[in-house]
A.B. asks: 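Quick one: the structure is below, questions incoming.
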Amino acid sequence: RSSSAPDPFRVASLFARPYAVSFYSALEMRGLAESVSHRVHIQSPTFFKSAEFQNVEFKWVRGNVDFGVETEQRGSVAVRVTDLERTLLDCLRQPHHAGGLDELLRALEGVHGEDLPAKLLDRMIAASGAPVERAKFRTEIEDRRPELADLVQAGLITDIDSRLFLSATGLLVCPHPSAAGILRVASRLYS
């Protein structure tokens, strides 16, 4: 983007209320995206027609922005953006808004310093089911860690945390070229 062009994330703040920059655009704001996109995803319960400005498409995506949103100061404008955990969960649920699964996995590799899979799993579990079901699900996933370590050692998977999270969210059935090998592993783990 040209240095004289307006910051597209600041422009995004003008399209809807309430709103949050999300998906690949949120990854880009955090420096986790591999490339600069010419599309900004804006989640909002309030519909707006997609528009183009300065060669950037501003695209509406239906979504609740009452949770998992933080504010990032961009010059004089406070821009609402989905937090890291929400961004990754949203991208995993709808990888077509994240540049695809490969792009998302590269973004996951750029996150350092925290037990991200545990944080993501906590966020996902908190949003689903009754407390007893959540506890059972968490225990089952934690019990699978040694098996996943064996799979990494055998060369079947390469990043234990990414694959653990993908298996935990049930996204292994995505129609993606790399899913075939993961599906074989998943069938063994969850049969």
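The model shown is predicted, which means the values in this text are computed figures rather than measured ones.
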A.B. asks: Considering only residues two or more places apart or on different chains, which pairs with a residue in residues 76-96 satisfy ring pair (Phe, Tyr, Trp, His ring centres under 6.0 Å)?
C.D. replies: none
A.B. asks: If the plane angle is over 60° it's perpendicular, under 30° parallel, otherwise tilted; pick one for W60 and F47.
C.D. replies: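 If you compare the ring of W60 with that of F47, the planes turn out perpendicular.
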A.B. asks: Can you see whether F67 has R86 sitting over its ring - NZ or CZ less than 6.0 Å from the centre and within 45° of the normal?
C.D. replies: yes
A.B. asks: For E34, enumerate each residue passing the side-chain contact (heavy atoms from CB on, under 4.5 Å) test, keeping only those at least two apart in sequence or located in another chain.
C.D. replies: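 So E34 forms a side-chain contact (heavy atoms from CB on, under 4.5 Å) with E103, R106.
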A.B. asks: Can you tell me how far the CG atom of L32 sits from the CG atom of L84, to the nearest 0.5 Å?
C.D. replies: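 So the CG of L32 and the CG of L84 are separated by 6.5 Å.
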A.B. asks: Applying the side chain to side chain contact (heavy atoms under 4.5 Å, CB included) criterion to F9, which one of V40, I42, V77 satisfies it?
C.D. replies: V40
A.B. asks: State, with a plain yes or no, whether a side-chain heavy atom of L88 is found less than 4.5 Å away from one of L27.
C.D. replies: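 In contact.
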A.B. asks: Under the side-chain contact (heavy atoms from CB on, under 4.5 Å) rule, what do V79 and M29 come out as? Steps first, then yes or no, please.
C.D. replies: CA-CA 10 Å; V79 177; M29 281 182 72; 4.1 Å; yes
A.B. asks: For the pair E52 (side chain) and Q54 (backbone), establish whether a donor and an acceptor sit closer than 3.5 Å, ignoring hydrogens and angles.
C.D. replies: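 Flag not set: sc E52 to bb Q54 has no pair under 3.5 Å.
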A.B. asks: Roughly how far, to the nearest 0.5 Å, is the CZ atom of R62 from the OG1 atom of T46?
C.D. replies: 10.5 Å
A.B. asks: In the structure I gave you, are the side-chain heavy atoms of S25 and H97 within less than 4.5 Å of one another anywhere?
C.D. replies: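 Counting from C-beta outward, S25 and H97 never come under 4.5 Å.
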A.B. asks: Are any non-hydrogen side-chain atoms of T87 and R30 less than 4.5 angstrom apart?
C.D. replies: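 SC-SC contact between T87 and R30 confirmed.
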A.B. asks: Quick one, V56 and F58 - any side-chain contact, counting heavy atoms below 4.5 Å?
C.D. replies: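 V56 reaches F58 side chain to side chain.
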A.B. asks: So if you build clusters from Ile, Leu, Val, Met, Phe, Trp, Tyr with side-chain heavy-atom gaps below 4.5 Å, do F48 and V11 land together?
C.D. replies: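 Same cluster.
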A.B. asks: Is any side-chain heavy atom of R39 less than 4.5 Å from a side-chain heavy atom of Y24?
C.D. replies: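 Contact flag for R39/Y24 side chains = no.
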A.B. asks: Does some side-chain heavy atom of E57 sit less than 4.5 Å from a side-chain heavy atom of S50?
C.D. replies: yes
A.B. asks: May I have the list of side-chain donor-acceptor pairs in residues 14-22 shorter than 3.5 Å, sequence neighbours left out?
C.D. replies:
residue	atom	partner	partner atom	Å
R17	NH1	S13	O	2.4
R17	NH2	S13	O	3.3
Y19	OH	R80	N	3.0

A.B. asks: Taking all atoms of both residues into account, what is the closest heavy-atom pair of R10 and S76, and its distance?
C.D. replies: NH2-OG, 3.4 Å
